[in-house]
Amino acid sequence: MDQVAPPQPKTVSFENFLLDKGYITNDVLVQARSESLTSHKNLFDYLVSEKYLTEEDLTTARGAFFNLPYVDLRQKKVSKEILEAVPKDTMMTYKFAPFEIAGGILKVALTDPTNLAALGALEFLSQKNQLQLELYITSQSSWQSVFKKSENLTKEVRQALTEVVEKERADETKKTSRAEIKIEEKIVEEAPISKIVDVILRHAIEGRASDIHIEPSEEDLRVRYRIDGVLHSSLILPKTVHSAIISRIKILSNLKIDEQRLPQDGRFHINLESKPIDFRVSTFPTVIGEKVVLRILDKSTGAPSLNDLGIMGSQLAIVQDAIKKPHGMFLMTGPTGSGKSTTLYSILSMLNKPGVNIVTLEDPVEYFMDGVNQAQIRPEIGLTFASGLRSILRQDPNIIMVGEIRDKETSELAVNSALTGHLVFSTLHTNSAVGAIPRLIDMGIEPFLLTASLNLLAAQRLVRKICDKCKIEKKPDESVKETILKELAMVTDEEKKEFNLKDPVVYMGRGCPACDNSGFKGRVGIYEMITITKAIQELITSRTPANKIQEYAVTKEGMLLMKQDGMLKALRGITTVEEVVRVTKD
């Protein structure tokens, strides 16, 4: 077996190589040398952190310098068998990853070609498996993506389950009916069950899931993840571990272990690779055992911008105009999980300035914002949206956000707050923007108060975004083309001027490793917004039906409906027509 030879660098220094090849200028290099010494940073880390070079550019340059081909492992479908052939701790220690094997050649990606210990380990690996090695260079981020894949969910859980069975056998002789509860509490604290729960949580976070569903059936226990709004089956566990896993989650959430007849709500917090993650926990008793749903709240991400959310063009102008007003009410509507709160957080982050007092009342607090006074409702001690809103008004606020308007008392307080000089943001569960008007009137708000207090009504849904890595153009078939033309018939020429509707082009994702072959990655909002103009105020005051108000807003004021906004995003290559139809169907 040939010995693994260290990669040979060029004769010039790497700094001069970057300079000669045009990766950086001399001025940048001089400044970076000076600044990196002052900040006690590695020169190349400094170039990346200050965005003179991306991590991938630097890695590609190092590859050229050491005569090694560059590979981005995030674009490779690495089989579990290849990853499991190398011990995980070896990959972690030496920061390399095998990614392909063919014809007796094992392709391995290194993060540091100067690490002789890593090369020695690879030489041992090649001799042990009687394979030739082909070395590549990859970035730290790219390597980490594969390292995470190596943590095979099923394998880890299977090992933990084996431990559970062995522990149960060992405990069988000790159990008495009187001591059963104490033993169960002990089991849920012990390693195997804790490991299973940890693996479930970790893989949900790494898989970008928003929710985890742990559901019992007659024969087994099913774990499902909601990713980009769609539930995916992840794991099937034996029914015997059901009570222990539920109890473990209850212990983490500070809930009552012995209460299995009533629903309970709680939350807990973990740090994963220095990222703070909150879990909102809800238990629900079913006829075959308790079900648990965990909502994942990543506190490290912060609120996205309005553009990132999908508010663009004329709709962005409408929102910017509404939030400049000194008082009035801005309502976001839509079903649970449609992104209403995230949109309001983004708006609050724009308004969050030193001269403004912002107070929020939420259930729960999903994003933490510096400079904003955030409170969480606690109905069990009497802190409801209504009672909290009364207290907020004594806190001298400029801007108030109420998580949700659920009842007459909260709606009256919100309207009065908007009338007395406050800018009020809140959410409401209705299917359309205009649907908020009859809903508030049903709650007992007089139409003349609505016209005086409302600034803007908006509704939203979330659609899956096409994966940027595998997006391709395609000609729509006749039924899709017909749907596009039908929906955009009433849209103003200004909104659709950039598209050739006689011969439209749409997009799709072919599927790739970056999106787990789904063709979609991430979600974006589709919106409709109705500005409360003088004409709309008159229609509300005269108790005009909601559908007539919407018809007037579309035909006379150029309102863009949610489905129309979705079709425009499909033509821009952000999502697909099928996805818009799926999310907006009645």
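From a predicted model like this one, the values you see are computed outputs, not experimental measurements.
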Engineer: Would Q550 and I530 satisfy side chain to side chain contact (heavy atoms under 4.5 Å, CB included), going step by step from the backbone distance to the final call?
Structural biologist: CA-CA 8 Å; Q550 179 169 295; I530 182 164; 5.8 Å; no
Engineer: Are side-chain heavy atoms of E404 and H429 found at a separation under 4.5 Å?
Structural biologist: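 The answer is yes; the side chains approach within 4.5 Å.
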Engineer: Answer yes or no: is there a side-chain heavy-atom contact under 4.5 Å between L306 and V319?
Structural biologist: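 The answer is yes, as the side chains (C-beta and beyond) meet within the 4.5 Å cut-off.
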Engineer: May I ask you to say whether K521 pairs ionically with D468, meaning some side-chain N is under 4.0 Å from a carboxylate O?
Structural biologist: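 Answer for the salt bridge query: no.
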Engineer: Which heavy atom in T584 sits nearest to a heavy atom in I526, and how many Å separate them?
Structural biologist: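 Shortest heavy-atom separation between T584 and I526 comes out as CG2-CD1, 3.6 Å.
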Engineer: Regarding D265 and R280, does a basic nitrogen lie under 4.0 Å from an acidic carboxylate oxygen?
Structural biologist: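 Looking at R280 together with D265, the answer is no, because their closest N to O distance does not fall below 4.0 Å.
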Engineer: Could you tell me whether the side chain of T430 and the main chain of T333 form a donor-acceptor pair under 3.5 Å?
Structural biologist: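 No; zero donor-acceptor contacts below 3.5 Å.
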Engineer: May I ask you to test the D407-M443 pair for a side-chain heavy-atom distance under 4.5 Å?
Structural biologist: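 D407 vs M443: side chains apart.
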Engineer: Do I532 and N455 have side chains that get closer than 4.5 Å, going by heavy atoms?
Structural biologist: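 With C-beta onward as the side chain, the pair stays apart.
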Engineer: Might you point out which heavy atoms bring N271 and P276 nearest each other, and give the distance in Å?
Structural biologist: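 Heavy atoms only, the tightest pair is OD1-CA, 3.3 Å.
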Engineer: Between K465 (side chain only) and G522 (backbone N and O only), is there a donor and an acceptor less than 3.5 Å apart?
Structural biologist: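 No; zero donor-acceptor contacts below 3.5 Å.
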Engineer: Is the shortest distance from a Lys or Arg side-chain nitrogen in E498 or R572 to a carboxylate oxygen in the other one below 4.0 Å?
Structural biologist: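 Yes.
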Engineer: Would you check if the side chain of S518 reaches a backbone N or O of F520 as a donor-acceptor pair within less than 3.5 Å?
Structural biologist: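 Yes, the answer is positive, given that a donor and an acceptor are paired below the 3.5 Å cut-off.
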Engineer: Would the distance check show the side chain of H327 and the main-chain N or O of N398 forming a donor-acceptor pair, the cut-off being under 3.5 Å?
Structural biologist: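 Side chain of H327 to backbone of N398: no pair is present.
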Engineer: Is there side-chain contact between S282 and P263, with heavy atoms separated by less than 4.5 Å?
Structural biologist: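 Answer no - side chains too far apart.
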Engineer: Is the backbone N or O of L73 less than 3.5 Å from a side-chain atom of S142, with the two atoms forming a donor-acceptor pair by type?
Structural biologist: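 Side chain of S142 to backbone of L73, a donor-acceptor pair under 3.5 Å: yes, one is there.
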Engineer: Atom CG in D220, atom CZ in R222: separation rounded to 0.5 Å?
Structural biologist: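 Rounded to the nearest 0.5 Å, the CG-CZ separation comes to 8.5 Å.
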Engineer: Under a 4.5 Å cut-off applied to non-hydrogen side-chain atoms, are S341 and L344 in contact?
Structural biologist: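 Side-chain contact under 4.5 Å: no.
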Engineer: Could you walk me through whether M350 and I323 pass the side chain to side chain contact (heavy atoms under 4.5 Å, CB included) test, one step at a time?
Structural biologist: CA-CA 9 Å; M350 293 168 63; I323 64 178; 3.8 Å; yes
Engineer: Taking all non-hydrogen atoms of both residues into account, name the closest pair between R267 and L297 and its distance.
Structural biologist: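 Shortest heavy-atom separation between R267 and L297 comes out as NH2-CD1, 3.8 Å.
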Engineer: For the CG atom of L450 and the CD1 atom of I441, what is their distance to the nearest 0.5 Å?
Structural biologist: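 L450 atom CG to I441 atom CD1 measures 5.5 Å (nearest 0.5 Å).
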Engineer: Measuring only between side-chain heavy atoms, which start at C-beta, is T360 closer than 4.5 Å to N373?
Structural biologist: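 Side-chain contact under 4.5 Å: no.
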Engineer: Does atom NZ (K548) have a neighbourhood of more than 12 heavy atoms from anything else shown, all under 6.0 Å?
Structural biologist: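 Counting other residues, nucleotides and ligands, NZ of K548 stays at 12 neighbours or fewer.
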Engineer: Quick one: pull up NE2 in H213 and OG in S233 and give me the separation to the nearest 0.5 Å.
Structural biologist: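 Here the rounded value is 11.0 Å.
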Engineer: Whether R464 and D228 form a salt bridge (side-chain N of Lys/Arg under 4.0 Å from carboxylate O of Asp/Glu) is what I want to check.
Structural biologist: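 So D228 does not pair with R464 through a salt bridge.
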Engineer: Can you check side chain to side chain contact (heavy atoms under 4.5 Å, CB included) on I200 and I196, steps first, answer last?
Structural biologist: CA-CA 6 Å; I200 290 169; I196 292 172; 3.9 Å; yes
Engineer: Report the relative orientation of the aromatic rings in F330 and F425; use parallel for angles under 30°, tilted for 30 to 60°, perpendicular for over 60°.
Structural biologist: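 Tilted.
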Engineer: Step by step, work out the side chain to side chain contact (heavy atoms under 4.5 Å, CB included) result for L201 and L294.
Structural biologist: CA-CA 9 Å; L201 300 182; L294 299 93; 4.1 Å; yes
Engineer: Mind checking whether L462 and Q460 have side chains closer than 4.5 Å, heavy atoms only?
Structural biologist: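 Yes, their side chains come closer than 4.5 Å.
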Engineer: Closest heavy-atom contact between I549 and L539?
Structural biologist: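 Looking at all heavy atoms of both residues, the shortest contact is CG1-CB, 4.0 Å.
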Engineer: Main chain of L561, side chain of Q564: is a donor-acceptor contact present, judged purely on distance under 3.5 Å?
Structural biologist: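 Present.
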Engineer: Testing T427, D363, T384 one by one against R406 for a side-chain hydrogen bond (donor to acceptor under 3.5 Å, both in side chains), which residue passes?
Structural biologist: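 Exactly one option meets the side-chain hydrogen bond (donor to acceptor under 3.5 Å, both in side chains) with R406, and it is D363.
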Engineer: Pairing donors with acceptors under 3.5 angstrom, does anything connect the side chains of S141 and E55?
Structural biologist: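 Indeed, the side chains of S141 and E55 share at least one donor-acceptor pair under 3.5 Å.
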Engineer: If you measure from NE2 on H242 to OG on S217, what distance do you get to the nearest 0.5 Å?
Structural biologist: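 Result: 9.5 Å between the selected atoms.
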Engineer: So that I can tick it off, tell me whether K556 and E551 are bridged by a salt bridge, with the cut-off set at under 4.0 angstrom between side-chain N and carboxylate O.
Structural biologist: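 Salt bridge: no.
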Engineer: Is the backbone N or O of L488 less than 3.5 Å from a side-chain atom of K496, with the two atoms forming a donor-acceptor pair by type?
Structural biologist: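 Yes; judged by distance alone, with no hydrogens or angles, the pair exists.
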Engineer: Quiz question: by atom type and distance under 3.5 Å, do the side chains of D308 and S305 form a donor-acceptor pair?
Structural biologist: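 Yes - a donor-acceptor pair under 3.5 Å links their side chains.
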Engineer: When rounded to the nearest 0.5 angstrom, what is the spacing between CD in Q320 and CD1 in I347?
Structural biologist: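 The CD atom of Q320 sits 10.0 Å away from the CD1 atom of I347.
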Engineer: So does Y527 get a backbone contact from the side chain of Q315, meaning a donor-acceptor N/O pair under 3.5 Å?
Structural biologist: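 Side chain of Q315 to backbone of Y527: a pair is present.
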Engineer: Closer than 4.0 angstrom, basic N to acidic O: yes or no for D565 and K569?
Structural biologist: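 A salt bridge links D565 with K569.
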Engineer: Mind checking the CD1-CG spacing from I270 to L252? Nearest 0.5 Å is all I need.
Structural biologist: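 The distance works out to 9.0 Å.
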Engineer: Ignoring hydrogens and geometry, is there a side-chain-to-backbone donor-acceptor pair from K481 to K502 under 3.5 Å?
Structural biologist: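 Answer holds: yes.
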Engineer: Is atom CD of E578 surrounded by more than 12 heavy atoms (other residues, nucleotides or ligands) closer than 6.0 Å?
Structural biologist: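 Yes, CD of E578 has more than 12 neighbouring heavy atoms, counting only those of other groups under 6.0 Å.
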Engineer: I'd like to know whether CG of D442 has more than 12 heavy-atom contacts from other residues, nucleotides or ligands below 6.0 angstrom.
Structural biologist: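 Counting other residues, nucleotides and ligands, CG of D442 exceeds 12 neighbours.
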Engineer: Taking all non-hydrogen atoms of both residues, which atom of L457 and which atom of A433 are closest, and how far apart?
Structural biologist: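 Closest approach of L457 to A433, heavy atoms only: CD1-O, 3.6 Å.
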Engineer: Apply side chain to side chain donor-acceptor pair (under 3.5 Å) to T283 and Q264, showing your working.
Structural biologist: CA-CA 5 Å; T283 71; Q264 296 186 73; 4.6 Å; no
Engineer: Closer than 3.5 angstrom, by distance alone: can the side chain of D211 be matched with the main-chain N or O of I296 as a donor-acceptor pair?
Structural biologist: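 No, because the side chain of D211 does not come within donor-acceptor range (under 3.5 Å) of the backbone of I296.
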Engineer: So which heavy atom on P438 is nearest to which on V434, and how close?
Structural biologist: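 Closest heavy-atom pair between P438 and V434: CD-O, 3.3 Å.
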Engineer: Go through the steps for E557 and T531 under the test side chain to side chain donor-acceptor pair (under 3.5 Å), then give the verdict.
Structural biologist: CA-CA 9 Å; E557 300 191 349; T531 307; over 6 Å; no
